[in-house]
Amino acid sequence: MFRIGPVELQSNLLLAPIAGYTDLPFRILCRELGGVGIAYTDLLNANALLRGSERSLELAATNDLDRPCGMQLYGNGDDPLPEAAVWAIGHGAQVIDINMGCPVDKVAKKNGGSLLLRDCPATTLLAERIVKAVDRAGGGRVPVTAKMRLGWDPEHMVAPDLARRLADVGIAAVTVHGRYTVQFFSGSADWDAIGRVVEAVPSIPIIGNGDVVEPEHAKALIERSGCAGVMIARAALRTPWMFRRAATLLSTGTVGPDLSFNDKCRAILRHIDLMERFAKPWYGVKRLNQGIAWYGKTMGHIKPLKETIRTATTFDAMRAALHDWMTPERESVPAVLRGRELGLEPSEPA
Ligand SMILES: Cc1cc2nc3c(=O)[nH]c(=O)nc-3n(C[C@H](O)[C@H](O)[C@H](O)COP(=O)(O)O)c2cc1C
């Protein structure tokens, strides 16, 4: 059992916010596959939420299968972040997360994200306002967390200082992606630097993030940095079943076999069902057209299957293609290709 403030989580493995991917169907899929302590929405623009923008409301959609749900907000000190946080509580959020790490120009040049790393005192004041508003509206039941990078660039490694300040004003946990803003996704995540944040802030859980591609990496990140939990992003898009494998490794010391080829197809079939149930058809089809490129990376030589799903225009066409590939001999064959053996560098579309 792992806690973020008053919220108890079944595991210390967290599904990261991933813009364009962590919609409601995908969050439910990861939870059903097991091992997920909490899943976060995409980053949500505070102004757009309060305006009732249709896209933002879709991104914030949650339901009882999606518990506990973290909603991630972004904005700066001039934006109505406290009001958006109160809105999120009223719409199903059990945890509010503030984005302090997005490096994308649209966000970081004016609206927030990594921009918040450039002025720690102002960011702390903003966080304090959000915590107070959330405490009032949520009666102390809803913790506020922050997700940050190490700093804007290596000359400004602010994460230990900023995390300490945030803990002092009531932030309940901090996730640290072990890269600087200027790196985007290049290089590798610095797990030792995450350890420096852990040392600086003993009072709240620090969650490590960056380059956890295999279950063994989750264990290694905890051992290397001392972090209390691990957040996983890109690997979840390839292998949403890895949370369960990592949770098993953390609790028993043994990771167990990888899923068989057919079991991976079953997970994709379930993703299709959830898309059909909880998303608009045009969106669901498009999302799965793209998603197969991620899934396919650990399924061996399946180019024709990938191509069929990439170009399919209906859920049923995708289902039929998967069923064609699920032959009896693939039932017990583990899909042996894994992470770095496949040459999967962690940099993917940003
Ligand atoms: C396509 C994409 C979209 C992302 N969107 C968000 C986001 O909305 N909010 C956020 O805090 N981080 C976002 N991230 C960063 C991830 O949450 C995570 O910090 C980063 O990918 C490192 O973790 P990983 O090595 O497990 O992928 C995004 C990353 C990717 C690749």
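Side chains included, hydrogens not; waters and symmetry mates left out as well; all remaining heavy atoms used. Just so it is clear, the model here is predicted, and its values are computed rather than measured. Counting convention: from 1, in listed order, for ligands and their atoms alike.
Those atoms of ligand 1 that come under 4.0 Å of a heavy atom in A19, given as number and element, are 3 (C), 4 (C), 5 (N), 6 (C), 7 (C), 8 (O). Near K147, the atoms of ligand 1 lying under 4.0 angstrom from a non-hydrogen atom of the residue are 10 (C), 11 (O), 12 (N), 15 (C), 16 (C), 17 (O), 18 (C), 19 (O). Close contacts between ligand 1 and N99 involve ligand atoms 9 (N), 10 (C), 11 (O) [criterion: under 4.0 Å to a heavy atom]. Of all atoms in ligand 1, numbered sequentially from 1 with element shown, those under 4.0 Å from a heavy atom of D211 are 24 (P), 25 (O). Which parts of ligand 1 touch L43 is read off a 4.0 Å heavy-atom cut-off, strictly below it: atoms 8 (O).
The heavy atom nearest to atom 28 (C) of ligand 1, out of those in G210, A16, P17, is found in P17.
For a threshold of 3.5 Å applied to N or O pairs, the pair formed by Y21 and ligand 1 contains no separation below that value.
Distances shorter than 4.0 angstrom occur between a heavy atom of F185 and an atom of ligand 1.
Between R27 and D66, at least one side-chain N (NZ, or NE/NH1/NH2) sits under 4.0 Å from a carboxylate O, which counts as a salt bridge. Between E216 and K219, none of the side-chain N atoms (NZ, or NE/NH1/NH2) sits under 4.0 Å from a carboxylate O, so this pair counts as no salt bridge.
Inter-residue side-chain proximity for K297 and T239 is flagged as unmet; no heavy-atom pair is nearer than 4.5 Å.
Classified by interplanar angle (parallel below 30°, tilted 30° to 60°, perpendicular above 60°), the ring pair Y295/W241 is parallel.
In this structure, Q94 contributes its side chain and C69 its backbone to a donor-acceptor pair below 3.5 Å.
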